[in-house]
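All values below were derived from every heavy atom in this structure, side-chain atoms included, with hydrogens, water molecules and symmetry-related copies excluded. Letters go in sequence order (proteins before strands), and every chain restarts at 1.
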Amino acid sequence: MSIDVETLVGWFDVNARDLPWRHADRTPWGVLVSEIMLQQTPVARVLPVWQAWLDRWPKPSALASETPGEVVRAWGKLGYPRRALRLHAAATAIACEHGDEVPCDVDTLLGLPGIGAYTARAVAAFAFGRRVPVVDTNVRRVVARAVHGAGDAGPPSTKRDLDDASALLPDGPDEARAARFSAALMELGALVCTARTPRCADCPIAATCAWQKAGRPAYTGPAKPVQRYGGTDRHVRGLLLDVLRGTTGPVEKARLDLAWPKAGQRDACLASLLADGLVEQTADGRFALPGEH
DNA sequence: TATACGTGGTA
DNA sequence: TTACCAAGTAT
């Protein structure tokens, strides 16, 4: 079972969300920033931060000229702040080694920090209109249902997932058409073929959907690991970093000690933040965001 | 391949 | 309230 290109792209023409990184005046840099911010973070939370970043740093070299700490601060509460560090490093590499222009080919993009299999292809497709398969969680779910008739995607398998998506892409000389199809596939997963409560009544490809034909069987694969947050190291790291985001200069350790009562876990998390380069220690023993002392 | 990595909205 | 979920990457 395949997915009809005309039908899906036609649906996308009418139903695509009006997102700024899709506007005609978008830049590859803007697309790259959006893709990094959207990794595991919902669109609604990315929107205002993306806008502020593009106003403030319209080119990679502009971001590269900031301290990493200032970039981490501007990342705010988007989550996974190592992304901010890596985006700063990617901007530096683009400014210094690629003439301040975002690379357009997948292999070069893959060489940049924070850019993996999904983001490299997303940038190639959405910023440059290249015909490359783009596989994210939405695409995996839509393919699992519409093509394979399963209730949901199983564990990721890079090669198989890529081959599945590649087989769906329209052929022909119009590469931008293939890129638009990929965007439509993702949008369908985000708006209609959702994880929890799919809106099959509104689905443009329900008539050919293998999952529909099979009677919408429940997902039978392995259970997905549940992520806890309260009390975890991720939680504590977030609390510590939040203290530093809220101040301009270095702070005393006593200040950080207020953020979490368990000393052992707190110190281990501070050490891991140091190791990640998200925090630095000053000569006098205080702590600050990187480059801010 | 499995696990660590933030944060907040929704059911 | 707990649990799931959100355009992944690095190790």
Side chain of [X] only, please: which of [options] is the nearest?
X         : options                : value
Glu35(A)  : dC5(C), dA3(C), dA7(C) : dA7(C)
Met186(A) : dT9(C), dG6(B), dA7(C) : dA7(C)
Tyr229(A) : dC5(B), dG8(C), dG6(B) : dG6(B)
Arg141(A) : dA7(C), dC5(B), dG8(B) : dA7(C)

(message) Tell me whether the side-chain N or O atoms of Tyr118(A) pair up with the base of dG8(C) as donor and acceptor below 3.5 Å, since no angle test is needed here.
(response)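 Donor-acceptor pair under 3.5 Å: no.
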Report task. Determine whether any donor atom in the side chain of Arg196(A) lies under 3.5 Å from an acceptor atom in the base of dC4(C), or the reverse, and answer yes or no. Result ->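 A donor-acceptor contact between them is present.
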Could you tell me whether [X] contacts a base, only the sugar-phosphate backbone, or nothing, with contacts defined as non-hydrogen atoms closer than 4.0 Å?
X         : value
Ala117(A) : sugar-phosphate
Gly116(A) : sugar-phosphate
Arg45(A)  : base
Trp75(A)  : nothing
Pro81(A)  : sugar-phosphate
Ala195(A) : sugar-phosphate
Thr232(A) : nothing

- prompt: Distance only, no hydrogens: is a donor on one side chain within 3.5 Å (strictly under) of an acceptor on the other, for Asp163(A) and Ser166(A)?
  reply: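 Side-chain D/A pair, Asp163(A) to Ser166(A): absent.
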Expressed as a whole number of angstroms, how long is the span from [X]:[atom1] to [N]:[atom2]?
X         : N      : atom1 : atom2 : value
Arg82(A)  : dC5(B) : CZ    : P     : 7 Å
Leu241(A) : dA4(B) : CG    : P     : 20 Å
Arg140(A) : dA7(C) : CZ    : P     : 12 Å
Arg83(A)  : dA6(C) : CZ    : P     : 15 Å

Side-chain N or O of Arg228(A) closer than 4.0 Å to phosphate OP1/OP2 of dA3(C):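 Arg228(A) to dA3(C) OP1/OP2: side-chain N or O found under 4.0 Å.
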Exercise for review: Tell me, with the steps shown, if Tyr118(A) and Gln39(A) meet side-chain hydrogen bond (donor to acceptor under 3.5 Å, both in side chains).
Suggested key: CA-CA 9 Å; Tyr118(A) 162 76; Gln39(A) 292 168 0; over 6 Å; no
Practice task
With DNA chain C as reference, determine whether Leu19(A) or Ile115(A) sits nearer its 5' end, using the nearest nucleotide of each.
Solution key: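 The 5'-side residue here is Leu19(A).
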Partner of Leu185(A) under side chain to side chain contact (heavy atoms under 4.5 Å, CB included), chosen from Ile205(A), Leu169(A), Val142(A):
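By the side chain to side chain contact (heavy atoms under 4.5 Å, CB included) criterion, Leu185(A) pairs with just one of Ile205(A), Leu169(A), Val142(A): Val142(A).
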Review point. Same cluster for Trp50(A) and Val71(A) if Ile/Leu/Val/Met/Phe/Trp/Tyr side chains link at under 4.5 Å?
Key: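 Yes, it is one cluster - the side chains of Trp50(A) and Val71(A) are joined through contacts under 4.5 Å.
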Requested in this report: Using the P atoms only, state how far dT3(B) lies from dA7(C), rounded to an integer number of Å.
Outcome: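 After rounding to an integer number of Å, I get 23 Å for this pair.
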**Prompt:** On a whole-Å scale, what distance lies between the P atoms belonging to dG6(B) and dT11(C)?
**Reply:**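 Comparing P positions in dG6(B) and dT11(C) gives a spacing of 14 Å.
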